[in-house]
Amino acid sequence: MSLHENDTFLDSVDSSSLSPEDIEAPLRAEVRRLITLLGQEISQQHGQDMLDLVETVRSVSRTFDAKSAASEVRKTLESIPEDTAGILARAFAEYFLLANAAEQTFRIRSIQNKDEQEQWIPRAIQRIVDTVGVTGLQKTVDSLDIRLVFTAHPTEAQRRAVLTKLRRISEIVEETTEEGTQERERQDTELARVVESLWLTDELRRVQPTPLDEARNVMWYLRALYTQTLPDVLDTFRSELEKHGAYLPENAVPIKFGSWIGGDRDGNPYVTPDVTSDVLKLQSQTAINIATYFINQAINTLSLSSRFMGEDKELVASLEKDFEHEGLVNATDWALYAEEPYRLKLGAMRGKLANTVARIKSGTQHVPGYDYSSGQEIQDEFQLVRDALRRHGAEKVADSYLATAQQIIHGMGLGLVILDVREHSEKHFEILAELFNRFGDLETQYEDLTREERTVLLKKELASSRPLAPATITTEDSPLSEDAQRTFDVFRTIREAHKTYGTDAITTYIVSMTHGADDIFSVALLAREAGLIDLESQVHRADIGFAPLLEEVPELRQAGEILDALLSDPNYREIVRLRGNRQEVMLGYSDSNKDAGVLTSQWEIHQAQRQLRDVANRHGVTLRLFHGRGGSVGRGGGPTYDSILGQPFGVLDGEIKFTEQGEVISDKYMLPELASENLSLTLAAVLEASALHRAPRNTDRSLAKFDEIMDFMSEAAYARYRTLADDPDLPAYFVASTPVEQLGELKIGSRPSKRTTSEKGLDGLRAIPWVFGWTQSRQIIPGWFGVGSGLKAAREAGYEKDLTTMLNIWQFFRSTMSNIEMTLAKTDIEIAGFYVESLVPEELHHIYDLIREEYELTLQEVERLVSESNLLDKQPVLQRTLRIRDLYLKPIHYMQVAMLARVREAEAEGDVEQVAGLQRALLTTINGIAAGMKNTG
């Protein structure tokens, strides 16, 4: 069963209605079926002795006590060649891949067995109608704007070639058959073929993926989402609304997809302006292919004859204009469909899409009526067809398939997804320092100004009309250095993208490590210089918006002040007005966790949301919060439904944005049924939170008390966390006790594990490898360290009864503690001890002692709080599956420790050849643990 810390198991299965045996027996039978096939393949490819070795290691790991088992496995590995060790590691790694495929099938069956009224969307709509009526429901539906943003964060350890085979295994197993039947035999034969193909596929990447490779990978998912999943979800949503007398507006797109791939420059030197352009071209080609697919389907459906319906003047006039452009519809079709004008119009639209592809490829200018310059032009023609159908009595046709197709294509535009651009605040600082120091007539150097002085200067410049430099920085005569020019060229790329695909191709520029309002004024000024902002001409224009990314505790605590400073400036406020009176703010879970620990991070983000809500309301601005969530609890992960409902009251008003990263993407979206479930639960949660959480669920007095306790706990947890984070030996301990240095060798992402800006040591290490390393060694401190100290301090201060009340009635605290409890259950301090004992110099062992002490305290305090003798006693299904997983994870951990020791020894001796041979086996153990934990970061 899944150990994933997001929506996989917890959101898909109502485990309270199932016993552990209800889940375990059928699931174990499916796993046994697949593992038997794997064993047969290992025996066939490598002989019975190899299979016996696998079984010996598994038996040792289950039979002996942990310390003895680790010792026996290490002895076994020391006596076998590197290639044999690699096969052994692969066998256990592939066990988990097959187990995961079986688990996905179980999740699908659980979804299919749900009663209709217990499904996400019908249940949410009914709750809203019962509470605020149809009027309240309609108001919420009208405000929906959910954006799921795919990123290329390197946490997916499996290759797409492997994932494709796993998807096929899940599809086969999903077809329920009885043992002994011919159909079962057919299935087993096909499964054996796929398992053989899987075993003979190299699970390790040979080369580092490029951003373009990453974009292709995500488009693999998006094609299925747009053509299969999203249409079904929208149809269900529309149908359920109609049952209650509500409707989905024609131009509404309640769920949209976004991407950072090709636009996320922060710390990734490989995302150049040219790469951004190439990714946009690739996305557009895919979008137009999907749009053509929908139009072809519509052409097959709309065989409606004007002989029976009569002619529509507006439709005929539009066709006459189309006929002026030679080649939009061929002569044969004009003759064949002369009395079927809807097919003719759709055919002309298909021709314009083909011409749009040619225009983008050649770089030529848009020709009105011959090709499309934006997604809106496609929408206008769809609307023309639907309106004509309605005028002539075909409302059902207009409002069924065509409505869904229109909404899908509207959501894609010409760019497939909305591409965000992200850059580090230092990069904009460097550009402006060069320009102001050379042309700004400053009495001091720009970098010597205080933040307040820079803010005054930037606001003044934003209000003026003079360029930043006498010679424009948009030409080859630019006065900027090469690096600064490369940063500025991204703005030029955005402008070109708008001309080619429409302004909805790139709508937001995100500033990483925003420390103050000046960091946003900086990027707005550069955008104005590039022609993306115009506040001087008679008709003001703002083709792009700006989002501060608040990532560390000091900035989270100043969130309201930063937003207020921005919105209080009349020129920036005008930009926001031009952007629909909407301000986006991104919240960074990963760096705040690495900076302050999980409890303080979660609490500071919660409070920051309240500040931002209040400031936005005061300025009359719609707030869109962008949650930078990862897969693990240490990076903001956890069940999506609970996370959305746990936000402060009034924060959600139909709009939300959050990232989907790495292995989370494949786990949620690889199979259509799971993808549909994820989109449905997300839509349901946003509906409920927007409609039903407009006011506090608890009294002002209770919330004030809860805040007081959370402040107290957070302070104690933070102090404890910093004793670890500030220990000068922590960096050395982290590297020694984990395989973090091997992350780059997995080649799972284009982005380096360290930022290219000024941070050094652990400060410069990204949160992904930070969580990755701790998870591999089962220490997982980003998910719980400091919590025990916080809970103990609160209990000893007399807050124990209040903590119980908070757990029972406060969604935020309950969700936070549930995630922490799950992470504690995944932590194995004994396994972690083997890593330390085998790999860490003795002078660093005091770090482990500190970690173990806090772990035992946190375990004790959490069990006391939730009234359990053991973690997850109230979630027996999850508890049981974690224990089963551990039986198979332990041998891989033992192998990893042994292989790490051998690799480091060979590296110390300078034996390059032996290192190369050992490293493959070591990387395979990393993949295996990633598959078993279902989480690498």
Side-chain angles (χ1 to χ4, degrees), residues 1-2 4 6-18 22-23 26 103-134 136-138 140-141 144 146 148 170 174 176 224-226 228-248 252-255 400 403-404 407-408 638-646 652 654 656 660 667-693 811 815 875 877-878:
M1 200 61 62
S2 173
H4 210 341
N6 55 44
D7 317 67
T8 56
F9 185 65
L10 296 181
D11 274 338
S12 299
V13 180
D14 179 10
S15 60
S16 63
S17 64
L18 299 169
D22 289 335
I23 293 176
E103 179 230 329
Q104 288 188 319
T105 300
F106 173 80
R107 284 159 52 198
I108 291 170
R109 289 176 186 168
S110 298
I111 293 166
Q112 293 170 340
N113 290 334
K114 277 186 180 179
D115 183 75
E116 182 178 347
Q117 290 308 308
E118 284 305 306
Q119 293 173 1
W120 296 106
I121 292 175
R123 187 176 66 180
I125 290 175
Q126 188 64 59
R127 286 175 177 173
I128 294 169
V129 170
D130 290 345
T131 307
V132 297
V134 176
L137 171 63
Q138 188 63 59
T140 304
V141 171
L144 285 176
I146 302 165
L148 309 180
S170 292
E174 187 185 346
T176 306
L225 283 170
Y226 278 126
Q228 300 175 43
T229 309
L230 193 53
D232 289 343
V233 171
L234 290 178
D235 285 346
T236 298
F237 188 38
R238 185 182 293 107
S239 174
E240 290 298 323
L241 289 173
E242 290 172 355
K243 289 178 184 178
H244 295 275
Y247 63 93
L248 185 61
V253 186
I255 299 177
S400 56
T404 300
Q407 285 172 319
I408 298 293
T640 297
Y641 188 82
D642 291 342
S643 173
I644 291 172
L645 292 182
L652 262 176
I656 194 171
E660 299 281 40
D667 201 69
K668 288 183 178 181
Y669 300 110
M670 187 165 70
L671 297 175
E673 294 87 348
L674 297 182
S676 178
E677 177 79 350
N678 182 65
L679 295 186
S680 297
L681 73 88
T682 300
L683 179 57
V686 175
L687 275 170
E688 287 190 55
S690 298
L692 306 181
H693 200 193
Q811 176 72 39
S815 178
Q875 300 182 64
V877 174
L878 183 58

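What you see below is based on every heavy atom in this structure, not just the backbone, and it leaves out hydrogens, waters and symmetry mates.
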Can you tell me how far apart OG1 (Thr140) and CD1 (Ile128) are? Round to the nearest 0.5 Å.
5.5 Å
Give the minimum heavy-atom separation between Ala685 and Tyr641, together with the two atoms involved.
CB-CD1, 3.5 Å
Do you know the tightest heavy-atom contact between Leu148 and Thr682?
CD2-CG2, 4.3 Å
Pairwise side-chain contact, Leu248 with Leu144, heavy-atom cut-off 4.5 Å (strictly under):
no
Donor-acceptor contact present, side-chain Ser815 to main-chain Gln811, <3.5 Å
no
Given side chains that start at C-beta, do those of Glu240 and Gln119 come closer than 4.5 Å, heavy atoms only?
no
Beyond-backbone contact of Leu137 with Val132, side-chain heavy atoms, under 4.5 angstrom
no
Salt bridge or not for Arg238 and Asp235, using N-O below 4.0 Å?
yes
Answer yes if the side chains of Gln126 and Asp130 hold a donor-acceptor pair under 3.5 Å, and no otherwise.
yes
Hey, does Lys668 have a side-chain heavy atom less than 4.5 Å from the side chain of Thr640?
yes
Answer yes or no: is there a donor N or O on one side and an acceptor on the other, between the side chain of Thr105 and the main chain of Ser170, under 3.5 Å?
yes
Between Ile125 and His244 the two heavy atoms that sit nearest each other are CG2-CD2, 3.4 Å
Where do Glu677 and Arg107 land on the side-chain contact (heavy atoms from CB on, under 4.5 Å) test, with the steps shown first?
CA-CA 10 Å; Glu677 177 79 350; Arg107 284 159 52 198; over 6 Å; no
So Leu652 and His693, side-chain contact (heavy atoms from CB on, under 4.5 Å) or not? Walk me through it.
CA-CA 8 Å; Leu652 262 176; His693 200 193; over 6 Å; no
Report yes if some heavy atom in the side chain of Asp232 is under 4.5 Å from a heavy atom in the side chain of Thr404; otherwise report no.
no
Non-hydrogen atoms of Pro672 and Gln228 that approach each other most closely:
CG-OE1, 3.5 Å
So, taking the atom named CD1 in Ile644 and the one named CG in Leu681, what distance separates them when rounded to the nearest 0.5 Å?
7.5 Å
Sub-4.5 Å side-chain heavy-atom contact between Thr236 and Ser680
no
Would you say the side-chain atoms of Gln407 pair up with the backbone N or O of Ala252, donor to acceptor, closer than 3.5 Å?
yes
Does Tyr669 reach the side chain of Thr229, with side-chain heavy atoms less than 4.5 Å apart?
no
Contact summary for Ile255 and Leu679, nearest pair of heavy atoms
CD1-O, 3.9 Å
Could you tell me whether a side-chain N or O of Gln138 sits under 3.5 Å from a main-chain N or O of Tyr247, the two making a donor and an acceptor?
yes
Separation of Glu103 CD from Ile108 CD1 (nearest 0.5 Å)
10.0 Å
Report the C-alpha separation of Ile408 and Leu234 in whole Å, then their side-chain angles, then the decisive distance to 0.1 Å, and conclude whether the side-chain contact (heavy atoms from CB on, under 4.5 Å) test is met.
CA-CA 9 Å; Ile408 298 293; Leu234 290 178; 3.9 Å; yes
Work out which heavy atom in Leu225 is nearest to a heavy atom in Pro231; give both atom names and the distance.
O-CD, 3.8 Å
Report the distance from atom CZ of Arg127 to atom CG of Leu692, rounding to the nearest 0.5 Å.
8.5 Å
Working note: Leu683 + Trp120, criterion side-chain contact (heavy atoms from CB on, under 4.5 Å); need CA distance, chi angles, decisive distance, verdict.
CA-CA 8 Å; Leu683 179 57; Trp120 296 106; over 6 Å; no
